[in-house]
Novice: 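Dumping the structure here so I can ask a few things about it.
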Amino acid sequence: MTKRILHIVGRMDRAGAETMIMNLYREIDSSQFQFDFVYFTEERCDFDNEIEALGGRVIRLKGSNPVCRFWKLYRVLKAGNWPIVHSHMLFNIGLNLLAAKFAGVPVRIAHSHSTSDGNSYSVLGRMYQRVMRWLISWVPTRYVACGQAAAKYLFPGKEGVEIIPNAVDVEHFTRANGATTIQELGIADDCMTIVQVGRLMPVKNYTWSVKIAAALRDAGQEFQMLFVGAGYEQPKIEEEIRALKLEKHIKLLGLREDIAELMAAANVMLMPSLHEGFPVVLVESQAAGLPAVISSTISSEVDLGIGLIEFVDLDDSPEMWVTRMQTIVKCSKPSAEARKQFLETHGFSAKAGAERLMMLHLILRLIVIIV
């Protein structure tokens with residue numbers, strides 16, 4: 001009989017952790033497991049149609065505060081029949097899995113995808129984190145992370161954390177062709193094409209990318225910078241682009257499904273994030289053979305050792321970022337076959353990730369039955 005696993009997420013839009021979950025979902029053996037999802041929004045999300053087509057159920061909860069959301073989640077879990085609940089919501093994991101414990105869910109998985117949190121900057125936020133860390137230290141029955149840095153951040157001192165690397169469709173990215181995309185966007189062959197993928201939010205630091213674009217222009221570099229994503233900071237970013245007269249150099253493409261083709265079309269990826277865990281998009285870029293210049297605030301684990309990642313400090317000038325970008329685009333790229341073999345061997349394929357996740361679920365389910 002198929003076992004249904006409940007994943008607790010904020011929403012399922014095209015973002016890093018959500019994309020990774022979908023990559024695994026597409027590969028799991030649906031005769032053994034099926035995924036359901038709890039959202040804390042009443043809005044439709046980017047992956048809803050695909051989730052429903054794959055047989056998943058989406059439960060939307062709305063609450064004005066954590067206590068309200070806790071009791072709504074508790075009632076859903078109490079009325080349901082999920083043997084495993086898998087929470088992905090950083091510090092909110094504490095309350096989510098406490099609700100699961102009270103509801104009698106035997107297997108409660110905490111999954112860390114990040115190495116920082118914006119709430120660290122306020123006194124109230126730090127208090128909330130302290131309480132949640134205490135809950136997370138004992139409420140989950142199993143701990144999972146995308147990398148060692150993410151494990152240490154959310155589960156400090158915890159041993160036995162299962163590391164499941166961020167999985168991608170390796171075949172799709174290694175074989176992608178960007179010729180049609182270049183034509184569609186009207187980019188000249190001799191123009192440096194730079195892509196940045198991520199939500200238009202402060203943590204992604206798009207305002208720094210705009211400054212880098214200004215430095216590129218001032219250096220006489222012919223370039224096109226492509227911002228791929230959506231978010232509430234878009235008006236601010238557009239205002240800064242206009243202020244620096246960069247309209248012809250920067251395109252905001254919004255949400256796109258052809259990420260692999262965009263990467264194949266680009267010369268370099270830019271990621272000056274203020275903090276990240278283990279970004280899925282950097283696994284994708286390396287699969288696509290796209291060099292990336294990224295901030296040193298990002299975990300060094302993202303460098304898979306195939307010569308496609310360059311770290312730069314955010315304290316360095318935009319001109320320094322330009323120099324690093326101009327240098328790395330000249331580097332030799334591993335062949336598609338070499339990239340494919342490397343990523344599959346090191347567990348970054350969606351198939352390998354799904355197999356590890358299913359094995360974890362099977363082991364945990366067996367333990368529950370035996371006990």
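Just so we're clear, the structure is a prediction, and the values are computed from it rather than from any experiment. Every heavy atom of this structure was used, including side-chain atoms; hydrogens, water molecules and symmetry mates were not.
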Novice: With a 6.0 Å cut-off (strictly less than), is the heavy-atom count around CD of Glu50, excluding the residue itself, greater than 12?
Specialist: yes
Novice: With no hydrogens and no angle check, is any side-chain donor or acceptor of Arg108 less than 3.5 Å from a backbone partner on His86?
Specialist: no
Novice: Kindly assign one of parallel, tilted or perpendicular to the pair Trp71 and Tyr74, based on the angle between their ring planes and the thresholds 30° and 60°.
Specialist: perpendicular
Novice: Does Ile21 reach the side chain of His88, with side-chain heavy atoms less than 4.5 Å apart?
Specialist: yes
Novice: Please step through side-chain contact (heavy atoms from CB on, under 4.5 Å) for the pair Arg26 and Met22, ending with a clear verdict.
Specialist: CA-CA 6 Å; Arg26 296 179 189 113; Met22 287 305 300; 3.8 Å; yes
Novice: Taking Lys204's backbone N and O only, do any of them form a donor-acceptor pair with Gln196's side chain (distance below 3.5 Å, no angle check)?
Specialist: yes
Novice: So does Thr193 get a backbone contact from the side chain of Asn267, meaning a donor-acceptor N/O pair under 3.5 Å?
Specialist: yes
Novice: Which atom pairs, one a donor and one an acceptor, fall under 3.5 Å between side chains of residues 226-247 and the rest of the protein, sequence neighbours left out?
Specialist:
from: Gln234; atom 1: NE2; to: Glu238; atom 2: OE2; distance (Å): 3.0

Novice: For His172, is there any backbone N or O sitting under 3.5 Å from a side-chain donor or acceptor partner on Asp169?
Specialist: yes
Novice: Tell me whether Asp13 contacts the main-chain N or O of Ala15 through its side chain, where contact means a donor paired with an acceptor under 3.5 Å.
Specialist: no
Novice: How many angstroms lie between CD1 in Ile250 and CG in Leu216, if you round to the nearest 0.5 Å?
Specialist: 9.5 Å
Novice: Answer yes or no: does atom CG of Asn65 have more than 12 heavy-atom neighbours from other residues, nucleotides or ligands under 6.0 Å?
Specialist: yes
Novice: Show, in sequence, the C-alpha distance, side-chain angles and deciding distance for Val312 and Ile294, and conclude whether the side-chain contact (heavy atoms from CB on, under 4.5 Å) test is met.
Specialist: CA-CA 6 Å; Val312 188; Ile294 70 176; over 6 Å; no
Novice: Side chains of residues 90-105: which donor-acceptor pairs under 3.5 Å do they make with residues two or more places apart or in other chains?
Specialist:
from: Asn92; atom 1: OD1; to: Tyr128; atom 2: OH; distance (Å): 2.5
from: Asn96; atom 1: ND2; to: Ser87; atom 2: OG; distance (Å): 3.2
from: Asn96; atom 1: ND2; to: Asn92; atom 2: O; distance (Å): 3.3

Novice: Nearest 0.5 Å, please: how far is CZ in Arg57 from CD in Gln34?
Specialist: 8.0 Å
Novice: Can you tell me how far CD1 of Ile164 sits from CG of Leu357, rounded to the nearest 0.5 angstrom?
Specialist: 5.0 Å
Novice: May I ask you to decide whether Arg256 forms a salt bridge with Glu184, counting only side-chain N to carboxylate O separations under 4.0 Å?
Specialist: yes
Novice: Can the ring centres of Phe278 and His113 be said to be less than 6.0 Å apart?
Specialist: no
Novice: Would a distance-only check, ignoring hydrogens and angles, find a side-chain to backbone donor-acceptor pair under 3.5 Å from Gln286 to Leu308?
Specialist: no
Novice: Counting only heavy atoms not in Lys158, do more than 12 sit closer than 6.0 Å to its NZ atom?
Specialist: yes
Novice: Any salt bridge linking Glu344 with Lys351? Criterion: basic side-chain nitrogen under 4.0 Å from a carboxylate oxygen.
Specialist: no
Novice: For Ala287, does its backbone N or O pair with a side-chain atom of Arg339 as donor and acceptor, under 3.5 Å?
Specialist: yes
Novice: Counting only N and O atoms by type, is there a donor-acceptor contact under 3.5 Å from the side chain of Arg324 to the main-chain atoms of Phe311?
Specialist: yes
Novice: Quick check: closest heavy atoms across Val195 and Ala266, and the distance to 0.1 Å?
Specialist: CG1-CB, 3.8 Å
Novice: May I ask you to say whether Arg14 pairs ionically with Glu18, meaning some side-chain N is under 4.0 Å from a carboxylate O?
Specialist: no
Novice: Rounded to the nearest 0.5 Å, what's the gap from CH2 on Trp321 to NZ on Lys211? Could you check?
Specialist: 13.0 Å
Novice: Considering only NZ, NE, NH1 and NH2 on the basic side and carboxylate oxygens on the acidic side, decide whether Asp48 and Arg11 come within less than 4.0 Å.
Specialist: no
Novice: When you compare the side chain of Phe37 with that of Ile51, does any pair of heavy atoms fall below 4.5 Å?
Specialist: yes
Novice: Distance-only, no hydrogens or angles: does the Thr41 side chain make a donor-acceptor pair with backbone N or O of Glu43 under 3.5 Å?
Specialist: yes
Novice: Please check if the number of heavy atoms outside Glu222 that lie under 6.0 Å from its CD is greater than 12.
Specialist: no
Novice: State, yes or no, whether a side-chain contact exists between Met192 and Gln221 at a heavy-atom distance under 4.5 Å.
Specialist: yes
Novice: Strictly distance-based, threshold 3.5 Å: is any side-chain N or O of Ser273 a donor or acceptor partner for the main-chain N or O of Glu276?
Specialist: no
Novice: So, taking the atom named OH in Tyr206 and the one named CG in Leu270, what distance separates them when rounded to the nearest 0.5 Å?
Specialist: 9.0 Å
Novice: Using 0.5 Å steps for rounding, measure from the CE atom of Met225 to the CD1 atom of Ile212.
Specialist: 6.0 Å
Novice: So among Lys333, Met325, Glu310, which one has a side-chain contact (heavy atoms from CB on, under 4.5 Å) with Pro291?
Specialist: Lys333
